[in-house]
Amino acid sequence: LGPTQKTQWIGTVCGTLEYQIYGPEMVSLTLVLSTYPGGKQTVIEVMLLPCEPGFTLTSNSSNNLMTCDCSLFFTSHGVVCDASDGTVTRNKNSWIGLYNNTLPALASNCPLDYCNTTIIKLSLARPGDLCNGGRTGIICGHCHGNCSVIFGSSLCKVCSDMWLMTLVMFAVLGALLVAALFFLNLTVTQGTLYEL
């Protein structure tokens, strides 16, 4: 249908009717099918959805059809896209996603243990599938909500106040060390350490 055309008579069709509708994204349309003018009608509500993240709506000049194609940025960097299911295929240790939820972005090497290397084919609509250990964001560089990186690891865990107990432990151990040095007469210039 053209931009101002409201109805179109297709003719006699015996079998399956396939009709493709193209237009601006997020537009609601009502499609009315009837067997003949004035006959039984079937009303179908249609919502034109946007392309999956990482895909752009492009026009094919040969047949005037609009299709969701892989972003030019991704294709120029060797990323393979599948428009039928809205997925992209990445290299094993790379990060692929959207910057500010709109611009395609790619990092060839994801930091160790940040990215999930078991999923190669993924949908950019579910960016959480790409990151390991409670991570999110660009190159999986952030922790989710109430999480923080745990000491000695790259994993993100829920924050707690138990780390304050380590301060008490270090204070007690420090006092014990000073007491041991005092009672054993261990100094650098005299006593047991000096005589070694």
Side-chain angles (χ1 to χ4, degrees), residues 1-8 10 13 15-33 42-147 149 153-156:
L1 296 176
T4 58
Q5 193 173 1
K6 301 294 182 193
T7 60
Q8 180 179 17
I10 298 174
V13 177
T16 304
L17 175 66
E18 185 176 313
Y19 203 75
Q20 295 182 346
I21 303 170
Y22 298 97
E25 298 172 350
M26 302 305 293
V27 171
S28 180
L29 303 171
T30 302
L31 183 64
V32 179
L33 302 175
T42 302
V43 178
I44 302 171
E45 294 293 326
V46 178
M47 172 67 90
L48 298 181
L49 299 175
C51 294
E52 288 285 328
F55 292 81
T56 55
L57 191 63
T58 56
S59 175
N60 186 335
S61 60
S62 64
N63 56 13
N64 291 328
L65 291 179
M66 303 286 288
T67 57
C68 291
D69 292 328
C70 192
S71 162
L72 183 60
F73 175 81
F74 285 154
T75 55
S76 67
H77 285 86
V79 175
V80 178
C81 301
D82 186 355
S84 65
D85 60 0
T87 59
V88 294
T89 303
R90 66 181 177 97
N91 292 332
K92 190 171 185 173
N93 194 36
S94 65
W95 177 88
I96 189 168
L98 299 175
Y99 178 72
N100 287 337
N101 293 325
T102 55
L103 298 173
L106 175 70
S108 59
N109 287 315
C110 193
L112 183 65
D113 291 336
Y114 280 30
C115 292
N116 182 354
T117 57
T118 59
I119 298 176
I120 304 299
K121 187 174 182 177
L122 60 117
S123 170
L124 296 180
R126 295 184 309 275
D129 292 348
L130 187 57
C131 300
N132 272 340
R135 294 188 157 277
T136 187
I138 298 174
I139 316 178
C140 303
H142 300 289
C143 292
H144 285 287
N146 193 25
C147 295
V149 178
S153 173
S154 62
L155 298 177
C156 296

Say you draw a straight line from [atom1] of [X] to [atom2] of [Y]; how long is it, rounded to the nearest 0.5 Å?
X: Tyr99; Y: Leu106; atom1: OH; atom2: CG; answer: 15.5 Å
X: Asp69; Y: Thr58; atom1: CG; atom2: OG1; answer: 3.5 Å
X: Arg90; Y: Lys121; atom1: CZ; atom2: NZ; answer: 13.5 Å
X: Cys110; Y: Ile139; atom1: SG; atom2: CD1; answer: 7.0 Å
X: Leu98; Y: Asn100; atom1: CG; atom2: CG; answer: 10.0 Å
X: Trp95; Y: Cys131; atom1: CH2; atom2: SG; answer: 8.0 Å

Taking all non-hydrogen atoms of both residues, which atom of [X] and which atom of [Y] are closest, and how far apart?
X: Tyr114; Y: Cys140; result: CD2-O, 3.4 Å
X: Ala105; Y: Phe74; result: O-CE2, 3.7 Å
X: Leu112; Y: Ser154; result: O-OG, 4.1 Å
X: Asp129; Y: Asn116; result: O-ND2, 3.5 Å
X: Lys92; Y: Ile120; result: CA-CD1, 3.6 Å
X: Gly134; Y: Cys156; result: O-CB, 3.8 Å

Does a donor on one side chain and an acceptor on the other come within less than 3.5 Å for Asn93 and Thr117? no

Tell me, do [X] and [Y] make a side-chain contact under 4.5 Å, heavy atoms counted?
X: Val79; Y: Phe73; value: no
X: Glu52; Y: Asp85; value: no
X: Leu130; Y: Ile119; value: no
X: Val88; Y: Ile96; value: yes
X: Leu155; Y: Val149; value: no

For the side chain of Asp82 and the backbone of Thr87, is there at least one donor-acceptor N/O pair under 3.5 Å apart? no

